[in-house]
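Heavy atoms only: backbone and side chains are in, while hydrogens, waters and symmetry mates are out.
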Amino acid sequence: MEAGGFLDSLIYGACVVFTLGMFSAGLSDLRHMRMTRSVDNVQFLPFLTTEVNNLGWLSYGALKGDGILIVVNTVGAALQTLYILAYLHYCPRKRVVLLQTATLLGVLLLGYGYFWLLVPNPEARLQQLGLFCSVFTISMYLSPLADLAKVIQTKSTQCLSYPLTIATVLTSASWCLYGFRLRDPYIMVSNFPGIITSFIRFWLFWKYPQEQDRNYWFLQT
């Protein structure tokens, strides 16, 4: 029991530390926006989709009574809200960003209305919400596959982040173990693609080293 309790605590701690570390990666974008007072080279859509993901898993955790999910996704949602507000402040084309944000809020309201009003049974609501969160998380992990195809075409990994890849594989693996320990297929299955795509990135970093790309750039200049 003691060994199992220690292992559980280790997994829980890893989920919290690695996930919050991955969410805080956006702080570099926030610092860039504040220093340059612009949103150049900063993408807005990842902030928006991660916010939806956090709020979805936060609702799932609250319905299930899972303290780890509640804490991690509350902090994650707060950080994403901060990034979104900063982007709105420095973005010159506020109308487009506001439209995207309003669409997100509309989708969330419709989703909450469906789950909390049209699905009265708590168990059915938990399963359907878990399925939604799982599908959405998987789609987020699979969305960068277009970038991976671009890396193979250009033979350059300059568009990939090695630290973020490490953070993603550690986060995905810890949540897979967490879902396995809880026998929660929604948590376990949704994070498995993150491990697969991360190892694909590692292979690309090995195949097309960034140092080689820099040397090639210097030779060209």
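Across every non-hydrogen atom of I152 and L204, the tightest pair is CG1-CD2, 3.8 Å. The two residues T165 and S198 have their closest heavy-atom pair at CG2-O, 3.6 Å. Closest approach of R125 to P120, counting heavy atoms only: NH2-O, 3.3 Å. Between L88 and K94 the shortest heavy-atom distance is O-CE, 2.9 Å. Across T137 and S190, no two heavy atoms sit closer than the pair CG2-O, 3.7 Å. Shown here for M22 and T171, the closest heavy-atom pair between the two residues is CE-CG2, 3.9 Å.
Follow the hydrophobic side-chain contacts under 4.5 Å out from V119 and you never reach L110; the two are in separate clusters.
N54 has its side chain within reach of F23: a pair of non-hydrogen atoms, C-beta onward, lies under 4.5 Å apart. For the pair L27 and L30, the minimum side-chain heavy-atom distance is below 4.5 Å. At a threshold of 4.5 Å between non-hydrogen side-chain atoms, the residues F44 and V39 do not count as touching. Inter-residue side-chain proximity for F205 and V151 is flagged as unmet; no heavy-atom pair is nearer than 4.5 Å. Here the side chains of S156 and Y208 are not in contact, with every heavy-atom distance at 4.5 Å or above. Looking at D29 and F47, their side chains come closer than 4.5 Å, going by heavy atoms from C-beta outward. Contact check for I70 versus L58: side-chain heavy atoms found under the 4.5 Å cut-off. By the 4.5 Å heavy-atom criterion applied to side chains, K64 and D184 are counted as neighbours.
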Take I195 and C176, measure what side-chain contact (heavy atoms from CB on, under 4.5 Å) needs, and give me the verdict at the end. CA-CA 9 Å; I195 300 175; C176 277; 3.9 Å; yes

Any chance you could lay out the side-chain contact (heavy atoms from CB on, under 4.5 Å) test for W175 and I68, step after step, and finish with the verdict? CA-CA 11 Å; W175 281 110; I68 302 295; 3.8 Å; yes

Y141 and T168: side-chain hydrogen bond (donor to acceptor under 3.5 Å, both in side chains), yes or no, with the steps? CA-CA 9 Å; Y141 278 131; T168 301; over 6 Å; no

Could you go through R37 and H89, starting from their C-alpha distance and side-chain angles, then the distance that decides it, and tell me whether this counts as side-chain contact (heavy atoms from CB on, under 4.5 Å)? CA-CA 9 Å; R37 304 192 67 81; H89 179 69; 4.2 Å; yes

With side-chain hydrogen bond (donor to acceptor under 3.5 Å, both in side chains) as the criterion, how do D66 and Y60 come out once you've worked through the C-alpha distance, each side chain's angles and the decisive distance to 0.1 Å? CA-CA 8 Å; D66 190 316; Y60 180 78; over 6 Å; no

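To the nearest 0.5 Å, atom CD of residue Q80 and atom CG of residue L55 are 9.5 Å apart. Note that CZ of F136 and CG of L131 are 13.5 Å apart. Values are rounded to the nearest 0.5 Å.
Screening L99, L109, V52 against L104 for a side chain to side chain contact (heavy atoms under 4.5 Å, CB included) leaves a single residue, V52.
Neither side chain, Y83 nor T50, offers a donor N or O lying under 3.5 Å from an acceptor on the other. At a cut-off of 3.5 Å, with distance as the only test, no side-chain donor of T36 or Y90 sits close to an acceptor on the other residue.
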